[in-house]
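As the structure lists them, so they are numbered: ligands from 1, and atoms in each ligand from 1.
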Amino acid sequence: MADKRDFYEVLGVSKSATPDEIKKAYRKMAIKYHPDKNPGDKAAEEKFKEAAEAYDVLSDPDKRARYDQFGHSMGPQGFGGGAGAGGFGGFGAGGFSMEDIFSHFGDIFGDAFDGAGSYGSYSRGGAQRKAVNKGADLRIKVKVNLKDIMYGVDKKLKLPRWVACESCKGTGAKDGTAFHTCNTCHGTGYVNRVQQTMLGAMQSRVVCPECNGEGKTIEVACSVCGGEGIVKKSEVVSFHIPAGVQDGMTLTMRGQGNAARRGGVNGDLLIVIEEEKDPNLIRDDNDLIYNLMLDFPTAALGGSVEVPLVEGKARLNIPAGTQPGKILRLRGKGLPQYNSGNHGDLLVNVMVYVPENLTDEERSAIESLKGQPNVTPSQSTVHRIFSRLRHIFHRESQGE
Ligand SMILES: [Zn+2]
Ligand SMILES: [Zn+2]
């Protein structure tokens, strides 16, 4: 390699250039000499690399200070921040890889580059994803009734799931020892790959094809699990469903799902709540609704009736003259709110039964009431009653 040109000269800036001026200068050079714009042009490629190396030093206050003091004499090790990644093809001569070059592109091209989306996978300044080998989540449906929702419930279910093989301790290797760190990725589970894109060579991290991202290679496979490290097993799983859950809600039990192949993190157990319909009570969020069919004499004369609760019954007082459509509220007899102690109410929706079949005697009793002033509602009575029954249809003007 010929003698290195002065880095300030390479970027065409003065020794006192501000970081912003340096950035702008490099940006210009990077666009001008980008390999995609100059296919097969060795001189352009050289300039592209030269500018990148100059920028790498001058954009870093520390390196720039050392460079100002010692110049190139410090040699590659002085500026070899990226040398560990190894050279890439023709660019590697100075210990400067394409990874180093593209690692700056996020800074240089900023949002425009990030916005491209599809280039999001290129390696940026050595940020490394950790290889995580996670088992599959296990999704089950669990039926709960109102009592379960009221008090919470402990459930036990026999579930077939993948668990770590005991024989190899989940490693997949015979006796749990017959494996070694993967030579291709050195145990990281990822390898760097350079791809040609419209912006030039892009470096990305991909799952190691040698070990499938597991970081290790098996020498002798475990005979029990065939080297998978997991076996299918039916086990009894216990879990608690808290009070107040709702239909369709998913509870996540961390780490209770399937074990991962050859060690790693267990998947989660996802419990989807399926609410059983209650024969008497209708759920409305945390309130419960009971449709009470009241006989006409009790509605007119008053009395008491039994209404079902989630557990047991309650006796409810019916005042004389209770209208159909009236809602009687039993405070706190509804369901608890999920993650709080607050209870909803039990709303008793009163309907009045109109007899469908009558004996002659009953018929004449009712006929004797017909037309009586207290049985026939006046216009003002109608207004008064309707104005109290806010949930039924009535015109705004029908007020007090
Ligand atoms: Zn095994
Ligand atoms: Zn590997």
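No salt bridge links Lys143 with Glu276; every basic N to acidic carboxylate O contact stays at or beyond 4.0 Å. Between Lys134 and Asp268 a salt bridge is recorded (basic side-chain N to carboxylate O distance below 4.0 Å). Taking the charged nitrogens against the carboxylate oxygens, Lys63 and Asp56 do have a contact shorter than 4.0 Å, which makes a salt bridge.
Taking a cut-off of 2.8 Å, the protein N, O or S atoms nearer than that to the Zn ion (ligand 2) are Cys182 SG, Cys185 SG, Cys208 SG, Cys211 SG. By the criterion of a separation under 2.8 Å, the protein N/O/S atoms near the Zn ion (ligand 1) amount to Cys165 SG, Cys168 SG, Cys222 SG, Cys225 SG.
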After noting the C-alpha distance and the side-chain angles of Ile273 and Met249, does the key distance pass the side-chain contact (heavy atoms from CB on, under 4.5 Å) rule?
CA-CA 5 Å; Ile273 299 297; Met249 196 181 252; 4.2 Å; yes
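Listed by chain and number, the residues in a side chain to side chain contact (heavy atoms under 4.5 Å, CB included) with Asn266 are Ala259 (sequence neighbours excluded).
The two residues Leu301 and Ala320 make their nearest non-hydrogen contact at O-CB, 3.6 Å.
Between Tyr55 and Tyr26, a ring centre-to-centre spacing shorter than 6.0 Å is recorded.
Screening residues 164-182 for salt bridge (charged side-chain N to carboxylate O under 4.0 Å, His left out), with sequence neighbours left out, gives Glu166-Lys233.
In this pair, Tyr8 and Tyr67 present their aromatic rings tilted. The plane angle is within the 30 to 60° band.
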